[in-house]
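Take a look at the structure below.
Residue numbers start at 1 and run along the sequence shown. Predicted, not measured: the structure shown is a model, and the values here were computed from it.
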Amino acid sequence: FCIVRPPGHHAGIDGLLEEASSCGFCIFNNVAIGALHALKKYKDTVKRVAIVDFDVHHGNGTEEIVAKYNREHIGDRSHIMFF
């Protein structure tokens with residue numbers, strides 16, 4: 001369990017999302033970086049990661065990164081769930 005501030009949930013794959021008007025203070029998507037690191041470094045034990053974003057607005061950057069990861073790893077046993 002990690003509580004991260006700022007979560008970076010507006011920072012997408014290339015930083016600011018093209019369709020977004022603001023990135024807030026999100027430069028790096030800390031939550032996605034942690035999830036991807038766990039899946040790569042601990043691939044023998046960590047098969048799934050759940051990201052639960054408790055915020056009053058949409059984490060569009062996290063959604064973009066998670067969707068890309070899951071598309072590229074279809075058939076793998078590892079995946080990320082984003083709520």
Side-chain angles (χ1 to χ4, degrees):
F1 179 75
C2 297
I3 297 175
V4 181
R5 193 72 192 144
H9 63 182
H10 295 301
I13 294 167
D14 295 321
L16 177 63
L17 299 171
E18 286 186 27
E19 71 275 3
S21 59
S22 173
C23 195
F25 294 104
C26 303
I27 298 170
F28 302 107
N29 195 314
N30 299 312
V31 172
I33 290 169
L36 295 171
H37 173 76
L39 287 170
K40 184 174 181 177
K41 183 166 183 168
Y42 305 104
K43 61 184 168 199
D44 294 332
T45 54
V46 176
K47 301 296 181 193
R48 291 175 294 208
V49 175
I51 298 173
V52 181
D53 189 352
F54 290 103
D55 206 306
V56 296
H57 57 270
H58 182 226
N60 51 349
T62 303
E63 181 181 23
E64 178 190 57
I65 292 168
V66 167
K68 183 177 192 302
Y69 176 85
N70 288 337
R71 274 194 311 274
E72 292 176 355
H73 292 86
I74 292 174
D76 288 1
R77 296 188 61 107
S78 66
H79 63 278
I80 303 172
M81 297 171 284
F82 177 58
F83 304 97

### Task
Output every pair passing ring pair (Phe, Tyr, Trp, His ring centres under 6.0 Å) with a member in residues 62-82, not counting sequence neighbours, ordered by first then second residue.
Y69-H73
### Message
Holding to salt bridge (Lys or Arg N to Asp or Glu O under 4.0 Å), I want the full list of residues that pass it with K68, two or more places apart in sequence or in another chain.
### Response
E72
### Query
Heavy-atom count around K43 NZ within 6.0 Å, excluding the residue itself: above 12?
no
#### Entry: Nearest atoms (heavy-atom pairs only) where I65 meets A11
CD1-O, 3.7 Å
### Query
Which atom pair, heavy atoms only, marks the closest approach of N29 to G61?
ND2-C, 3.6 Å
### Task
Indicate the atoms forming the closest heavy-atom contact of I51 with V66, along with that distance.
CD1-CG2, 4.2 Å
### Task
Taking side chain to side chain donor-acceptor pair (under 3.5 Å) as the test, write out the residues that go with D53, two or more places apart.
H9
### Minimum heavy-atom distance between H58 and H10, given as atom pair plus value
O-CE1, 3.2 Å
